[in-house]
Asks: 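My questions will all concern the structure given below.
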Amino acid sequence: MKWLRQLSIYYKINGIIISMLLLLSIIIGFIMMDTTTKLLDQQIEKRGAEIAAYVAALSSNDILLDDNYALFDRINQTKSNTEDVRYILITDSAGRILAHTFAGNLPKGLPIKLSLYPKDEDGYQTMKFSSNEGPIREVIVPIENGAIGYVRVGMSEKSTQQLLSLKLYEFFITTLLVCLLAAMGSTYLAYLIIHPMRNLTKAAQQIQQGNFYVQTEIKTEDEVGRLAGVFNEMIESLKEKDFENNRLLKELRAKEEIRTVLLNKLFTIQEDERKRISRELHDETSQSMASLLAYMKVLLSKLTDEKQRVLLLDARNVAINVLGGLRKMAVELRPPVLDDLGIVAAMDKYITNFSNQQDLMVSFFPPDEKLIINNQIALTLYRILQESLTNISKHAYATSVNITLEQDTGSIILRIDDNGLGIRSGALEAARQKNRLGIYGMKERVELLGGNFTFHSISGQGTTITVIIPITCLE
């Protein structure tokens, strides 16, 4: 019944009203036809009984005197004066026909001998049979309680059937006219209901498309009119909410733009500061330490006391270790190879050093073709690599790490997989509340470049970090 649910209310209202009228008309038609038929049958029987009683009252003497001519004349005149009388028979007490109104033979189907019984409370008997001329209703009235004979009057139902057909035809025409008027009325009623609902539907569609400046016309004060009024009030409320939402959205966008600018400046300042510190460590502090080692070497050549030589050698070894640490720090703060040879070489060198220092198997799968990306993207990828490997060495207890760098159509993809312990549910939120924002910092760096950062971890099964950054600017 899916089609019924999809049917318009207009057709549903018309269908229900007309169907109910048709059903009511059929019921009334059956009742009327049954009642009319019974009434007509009663009328026919009464008329037949009156005619038979009249003939019986006048025919008793003629039967006793065997005056068949008088009987014949009387019944023929009576038949000719009454349209519904098909025939009149007069029989003796034994049922033998004494006179009849038939010009020739009796019609087929007409019973000759009858099982006669005393009259009932109405004073006559009735029987109905079919003949070659149609249905006949016969009324039998006894003459002198049947002692002399009986009068049989056959009443034709043809006129009754014609009258009944005429009444049924009139009823059908009346029903058709009533249904037509009902259809017109239901159409107007459906219009009164559906037209404002269609307006409400159109207004709702406009609201769905973001137009909060529509209004529905209120023409009535009934339920539909009140619904339209409530709908207009709802539109006004939505309009105010939309205005407030747009204002808040503009403020949020402005704040987001400010936040983006501040984050960009923060990362830029951070990298500039790292670059400056790296340069100072390399150019000034490292040079000073190198000069100090040179002076120590000169002093070693001039010392003759063995104890002093041992102390100076120990001090020189400490200075050498400090110089190595400073150079390592300077490289990690801003690796020169990143600017000189590119992201692939810088990542490969960092991974090799990290693997050797942490005793961790790290596999690097760079792209086959040469990557051409801007400094900002390269620096972001390098920092994410540093942060990820640092987190793995501190928290994951992994034995192997796979790092893949590849270039797809319009974007560069970095994927870091480890086989460590993974991160249990709720650990990231706890880290954020403790202001340990390493992962969130990586995410912010990627989103500032219009990229996508995903973090997938299953406790006991390792962690996967995927970074996708669109290549928007080529060097």
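None of the values given here were measured: they were computed from a predicted structure. For this chain, numbers begin at 1 and follow the sequence in order.
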Asks: Give a yes or no on whether the backbone of Ile351 and the side-chain of Ser355 come within a donor-acceptor separation of less than 3.5 Å.
Replies: no
Asks: Taking it one step at a time, do Lys250 and Leu252 satisfy side chain to side chain contact (heavy atoms under 4.5 Å, CB included)?
Replies: CA-CA 5 Å; Lys250 289 180 181 179; Leu252 181 61; over 6 Å; no
Asks: Step by step, work out the side chain to side chain contact (heavy atoms under 4.5 Å, CB included) result for Glu447 and Phe453.
Replies: CA-CA 7 Å; Glu447 290 179 351; Phe453 179 91; 5.7 Å; no
Asks: Ignoring hydrogens and angles, tell me if any N or O in the side chain of Asn356 forms a donor-acceptor pair with the backbone of Thr352 under 3.5 Å.
Replies: yes
Asks: If I compare all heavy atoms of Ser457 with all of Thr463, which pair ends up nearest, and what's the gap?
Replies: OG-OG1, 3.1 Å
Asks: Would you please say whether a donor-acceptor pair under 3.5 Å links the side chains of Asn419 and Thr399?
Replies: yes
Asks: If I compare all heavy atoms of Pro367 with all of Glu406, which pair ends up nearest, and what's the gap?
Replies: CB-CA, 4.2 Å
Asks: Give the C-alpha distance, both sets of side-chain angles, the deciding distance and a yes or no for salt bridge (Lys or Arg N to Asp or Glu O under 4.0 Å) between Arg247 and Glu244.
Replies: CA-CA 5 Å; Arg247 185 184 65 81; Glu244 181 67 16; 2.3 Å; yes
Asks: Which atom pair, heavy atoms only, marks the closest approach of Val362 to Phe354?
Replies: CG2-CD2, 4.3 Å
Asks: Decide yes or no on side chain to side chain contact (heavy atoms under 4.5 Å, CB included) for Ile136 and Lys128, but give the supporting numbers first.
Replies: CA-CA 6 Å; Ile136 299 294; Lys128 187 175 181 180; over 6 Å; no
Asks: If only atom types and distance count, is the side chain of Asn391 paired as donor or acceptor with the main-chain N or O of Glu387 below 3.5 Å?
Replies: yes
Asks: Evaluate the side chain to side chain contact (heavy atoms under 4.5 Å, CB included) criterion for residues Leu381 and Leu385: first the C-alpha distance (whole Å), next the side-chain angles of each, then the deciding distance (0.1 Å), finally the verdict.
Replies: CA-CA 6 Å; Leu381 293 173; Leu385 175 69; over 6 Å; no
Asks: List the atom of Ile377, the atom of Pro470, and the distance in Å for their closest heavy-atom pair.
Replies: CD1-O, 3.7 Å
Asks: Quick one: CG on Asp417 to CD1 on Ile465, what's the gap to the nearest 0.5 Å?
Replies: 9.5 Å
Asks: Specify the closest pair of heavy atoms between Thr380 and Arg445, including all atoms of both residues, with the distance to one decimal.
Replies: CG2-CB, 3.8 Å
Asks: Less than 4.5 Å apart, any side-chain heavy atom of Tyr397 and any of Ile392?
Replies: no
Asks: So, taking the atom named CD1 in Ile412 and the one named CD in Gln407, what distance separates them when rounded to the nearest 0.5 Å?
Replies: 6.0 Å
Asks: Identify the two heavy atoms, one from Asp418 and one from Ala398, that lie closest to each other, and give their separation to 0.1 Å.
Replies: CB-CB, 4.1 Å
Asks: Can you confirm whether Asn452 sits close enough to Thr466 that some side-chain heavy atom of one is under 4.5 Å from a side-chain heavy atom of the other?
Replies: no
